[in-house]
Amino acid sequence: LIHFYKRMTEQILQHISSSSKLERDKGIEKLSESIISKDVATWSSVKKALDIINKDSQISWEEKHGYLMAQKCLIPVFKDEPSSDQGFVQKLTETALSWLTDSEVRVRIAAGECLGELCKHFGPQVYKSCKNVVLLLVKNNLERKLDMENKSGAEEIQETGKLMEKLTRNQSWEASNIFHDTAGWKNLETSLSCLQRMVEGLGILATQFIDEELLQLIFICLNHTNRFVRETGFHVCTTFISVCSMEENKAEDAMEVDTDNLTDYDNPIIKYGSVLSDHLALGLSDNWSQVRLAASTAARAFLTSLAENIRNNFYPKLLPRICLNRYYLAEGVRIYSQNTWRQVAGQRGKVLVEKYIEKTVEYYVESTEANNHAVREAACQCIAELANKIDRNVLKPYVDRLLHTLIECFKDDSWPVRDMACVAAGSFVKCFPEQSRKDFGVLFDLFFSNLTDPISSVRQGAAIALANSVRAFGKEALVKVEEKIRDGLKNIKDQPVESEKYGSFHAGPAEFGVAKKIRDNDISLHENQTMYSCGSLAPKMNRGGSGGCTDAKFRKKSEPWELADGCVHAIAELARVKEYQGEVAKLLPLVSDACHHRHYVMHLNFFSTVCGRLAEIGANVDKKNFKPYLEDFFDMIFYSLESENGLAVSAAEECICSLSKLLGPNILRGRVENYNPGFVSVHDRVVNGLGMSPGGHPSKFPPRSPENTPGTFPGSTFNSSSSPMGIPGGPQRTPSLGGTPTLGGTPPP
């Protein structure tokens, strides 16, 4: 048995000193099992062997890491042994503090975890003995100073030189700015993390140590140039808020607070809440998604820890930023902010936005000028939300300012920003027709410009905006829209046989998939390049800039078929306007005539749009206005079904199934048979769910049940239904990412 325990001890020691992380983890797991099973002989032998190591031991970083993780497991064991804990705690504290400046980041992190565990089990005396050293490390490392005299400093200088050489190739940013914002800050980040662990370990006992001096030091870190430091600083803030909220929950008079004199309150988070909320507001608007998420975590902890009467003091700064982040590009930030909004605002979200509408509008307008194109897109989505969900009397004083802001956003290099600006402007025209009338001439030209855009989703957004214009201005707008639609559909005959390729690019906004064709074979542009966080630091797509994830150096000239495609979307959206469905139906012959032109390469893309929206048009206009023109589309539909284009085949199948539901299966089959008996077999296969594969052959794959009913466009981001979360009344544009966030308390249509 003695040999067994000895062998077990040797195995654990061998594992925790291994150069492999998996082996070290395995050793820590076995040590934990021996402690849980009260195998005193094993863990005490391991502890005795570890006692040989001290802060001056010349061992590898892997051995240091294994030692610290093993001691972390042993700390709870010695809590109940007062006779021996003093020497153990003192020695481990000194070793961990010494290794907080180790050149290996994993050792520094493990040292911080050890100190946190010591604080958890041995209380404030450990924190007091470590506090000065840890805070001094934070203060001394606020500025980057490379130590040229030791090995780790020399290695860092060498790596820094390589990184700076790469960054100097960037023409939009200074290399030093990028370096300081992205490179690790050595001991500062891990020292902050250590402080966080220690406060977490103390729990409620830490409140006595959270004073103005400590908070001011953390606030400096929240404004630090390095994003890792800012991110860690917000995590520390979250911990401070959490432990202070424990103390707050203990207080019986937590709700009895004089909100006019928060500085007299004992809770440091409330006492210094004004300054903290300023820093949280900056973090919620940070250019880096990781920092924004860390600030979102701190903001949620801050607001949920306060009574409602205290929260009101901080809502004007924080609510607009949380509200905007519900639409932010980064999924983690977006989902977390949506959940935060539900927790904080509940069903009062709409009321709160209306209450603080001035600050909300001010922040949204400011965000449309941000250097980050993802922020500008989210701001446009939020402005559209205001138009559709906020009481019109509340928003009326700000309509002119918001419309002017959206008009400026039409000039943006980023097409998602232009797209959302168009949809938002259309919503304002619909909701505030009188105030929008003076700008309608400018807006109409911008809407029509987007209708010709090379990007399909931008054309769809423009179609919705034009339909909203008709709702707002009636016949006056319809005449102008009809004229543009007629010209656009007729001019498809001028479409060149081959779409213009590389010679048609010139400076201006562009779609990444198109612009990439020019550059995708240039090896020098794709090897040994600087890596960026999407939407954070890459060269930005400004209103007049270039670069970023969607390169704006090229613009593809719009082609006649793309304008015709946009006109089809416009007809489908106009069909939703009941007052003018008769006039809209008269445009269908122009669409069918446009489908007779098959001389150009992209004709199947145009056909797929027509197939996708034809049943929707039929569902919205009266059948008596739709049926006379139905047979004119049969050639195009069955041609698409037999094509090699997968999108066209799928759209045509959905079209046949939707028309069958709309008109009745026997009626549609009879009309197909009367028009061309050769189409009947293809029709039957599609309606019966057997489907077609590209090329007109029967599909070898299981049929896909139709997900779309008449009135929907397969694959579209435009839905005819509405919900309390969505835009009340009429068509809505859902965000390009994720579901539509709710303000809370928005009434259903």
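No experiment lies behind these values; they were computed from the predicted model shown. For the single chain, residues carry numbers from 1 onward in sequence order.
- Rounding to the nearest 0.5 Å gives a distance of 9.5 Å between CG of Leu319 and CZ of Arg311.
- Val138 places a side-chain heavy atom less than 4.5 Å from the side chain of Leu192.
- The two residues His279 and Leu222 make their nearest non-hydrogen contact at CB-CD1, 3.7 Å.
- In this structure the side chain of Ser305 never reaches within 4.5 angstrom of the side chain of Cys244, judged on heavy atoms.
- Arg197 places no side-chain N or O within donor-acceptor distance of the main-chain N or O of Glu113, the cut-off being under 3.5 Å.
- Within the 4.5 Å cutoff, no side-chain heavy atoms of Thr405 are placed close to those of Tyr364.
- Between Cys422 and Ala465, the shortest heavy-atom distance links the atoms O-CB, 3.6 Å.
- Between Ile218 and Cys237, the closest side-chain pair of non-hydrogen atoms falls below 4.5 Å.
- Checked by atom type and distance alone, the side chain of Ser245 pairs as donor or acceptor with a backbone atom of Ser242 at under 3.5 Å.
- For the pair Leu303 and Thr340, the minimum side-chain heavy-atom distance is 4.5 Å or more.
- Contact between Glu231 and Ala294 at its shortest, heavy atoms only, is O-CB, 3.7 Å.
- Going from atom CG of Asp286 over to atom CZ of Arg321 covers 12.5 Å, rounded to the nearest 0.5 Å.
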Residue pair Phe219, Asp278: steps toward the side chain to side chain contact (heavy atoms under 4.5 Å, CB included) verdict: CA-CA 10 Å; Phe219 291 158; Asp278 287 338; over 6 Å; no

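- A donor-acceptor distance shorter than 3.5 angstrom exists from the side chain of Gln338 to the backbone of Arg326, with no hydrogens or angles considered.
- For the pair Val344 and Ile322, the minimum side-chain heavy-atom distance is 4.5 Å or more.
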Stepwise side chain to side chain contact (heavy atoms under 4.5 Å, CB included) test for Tyr327 and Glu385: CA-CA 11 Å; Tyr327 288 98; Glu385 185 179 51; 3.0 Å; yes

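- In this structure a side-chain-to-backbone donor-acceptor pair under 3.5 Å is missing from Gln343 to Arg300.
- Of all heavy-atom pairs spanning Arg230 and Val291, the tightest one is CB-CG1, 4.0 Å.
- Across Gln435 and Val399, no two heavy atoms sit closer than the pair NE2-CB, 3.7 Å.
- Taking the six-membered ring where tryptophan is involved, the planes of Phe444 and Phe448 are essentially parallel, since the angle between them stays under 30° and well short of 60°.
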In sequence, state the C-alpha distance, the side-chain angles, and the governing distance for Tyr336 and Asn339, and then conclude on side chain to side chain contact (heavy atoms under 4.5 Å, CB included). CA-CA 5 Å; Tyr336 192 89; Asn339 291 331; 5.8 Å; no

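- Thr368 places a side-chain N or O within donor-acceptor distance of the main-chain N or O of Val365, the cut-off being under 3.5 Å.
- Although no hydrogens or angles enter the test, the distance criterion places no donor-acceptor pair under 3.5 Å between the side chain of Asn450 and the main chain of Gly461.
- Of the possible polar contacts, one joining the Ser296 side chain to the Arg292 backbone as a donor-acceptor pair under 3.5 Å is found.
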Do Ser274 and Lys317 pass the side chain to side chain contact (heavy atoms under 4.5 Å, CB included) test, and can you show the C-alpha distance, the side-chain angles, and the key distance before you say yes or no? CA-CA 10 Å; Ser274 179; Lys317 297 176 185 176; 3.5 Å; yes

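- Between Leu142 and Cys221, the closest heavy-atom pair is CD2-SG, 3.9 Å.
- The backbone N or O of Arg334 lies less than 3.5 Å from no partner atom in the side chain of Ser337, so there is not a single donor-acceptor pair.
- Salt-bridge annotation for Arg613 and Glu573: present, with a side-chain N of the basic residue lying under 4.0 Å from a carboxylate O of the acidic one.
- Of the possible donor and acceptor atoms, none in the side chain of Arg418 sits under 3.5 Å from a partner among the backbone N and O of Asp453.
- Here Leu276 contributes atom CG and Lys271 contributes atom NZ; the two are 14.5 Å apart, rounded to the nearest 0.5 Å.
- By the 6.0 Å contact criterion, CD on Glu331 is open, its count of non-hydrogen atoms from other residues, nucleotides or ligands being 12 or less.
- Looking at Asn313, its side chain does come within 3.5 Å of a backbone N or O of Ile310 through a donor-acceptor pair.
- Atom-to-atom distance recorded for Leu215:CG and Phe240:CZ is 6.5 Å, nearest 0.5 angstrom.
- A heavy-atom distance below 4.5 Å is found between the side chains of Leu403 and Ser436.
- Asn605 places none of its side-chain heavy atoms less than 4.5 Å from the side chain of Asp565.
- When only modelled atom types and interatomic distance are considered, Tyr363 and Ser285 share a side-chain donor-acceptor pair under 3.5 Å.
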